[in-house]
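Atoms within a ligand are numbered from 1 in the order they appear, just like the ligands themselves. Positions are given from 1, in the same order as the sequence printed here.
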Amino acid sequence: MQPTFLTTPGLARFARNIDDERRGQIAEYGEQQHPDGTGGLDRDLLADGLFQEAQAALQEGTVTWRHALEMMTAAVAAETDPAELRTLLVRTAAVCAAWAQDIDSRPHPMVCAHCGEQIETNEIQNTWVGPLKQPGTPKCAAPRFHIDRPECRAASDRACDEQAEAYRARTAVRSADPAVRHGQGDGS
Ligand SMILES: [Zn+2]
């Protein structure tokens, strides 16, 4: 594999995720070949309507990622020129990458995953516990629990146990990896 250096923040991770998805698709369906199926007056009108809606939202300061992605997918569906279509597909993927990066960079809402109540924060001590954040999970979606409420701590312990169990299951599958064998201390 050629090394690829991606400089946009978060894009390397997004590209790895896409690589995983594509490999999964190819494994399941093979390389697919279909007609484009794009174009037509209805789709032109829809694309134009969504473009106008997104522009209005942008000017009112109420634009959302949903506006951006719907506008792009409608433009794709309306386009029939293969070169333009390809440009729009890349542009749509860039909107998806930007949206994912925005989700990945959001602060945690600090709502307890057990009781659903706010977790107070202060600068002196940790006020939450929880399992390690999993690769591919955005920080804002990783479960956190009250450190000072026994029932919430117990829920955190259960979440940590489940994560450790899942990790053991994964590493067992990969135990052909010498680094993992070493880590397992099999004495060889
Ligand atoms: Zn709680």
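- Under 2.8 Å from the Zn ion (ligand 1) lies no N/O/S atom of His114, from backbone or side chain alike.
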Check step by step if side-chain contact (heavy atoms from CB on, under 4.5 Å) holds for Lys139 and Asp104. CA-CA 6 Å; Lys139 178 178 159 193; Asp104 285 348; over 6 Å; no
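- Note on His146: its N/O/S atom closest to the Zn ion (ligand 1) is ND1.
- To the nearest 10 degrees, the angle centred on the Zn ion (ligand 1) between SG in Cys152 and SG in Cys115 reads 120°.
- Smallest separation of non-hydrogen atoms from Glu70 and Thr73: O-OG1, 3.2 Å.
- In the hydrophobic clustering of this structure, Leu46 does not group with Leu85; members are Ile, Leu, Val, Met, Phe, Trp, Tyr whose side-chain heavy atoms approach within less than 4.5 Å, directly or through other members.
- Judged by distance alone, the side chain of His146 and the main-chain N or O of Gln118 form a donor-acceptor pair under 3.5 Å.
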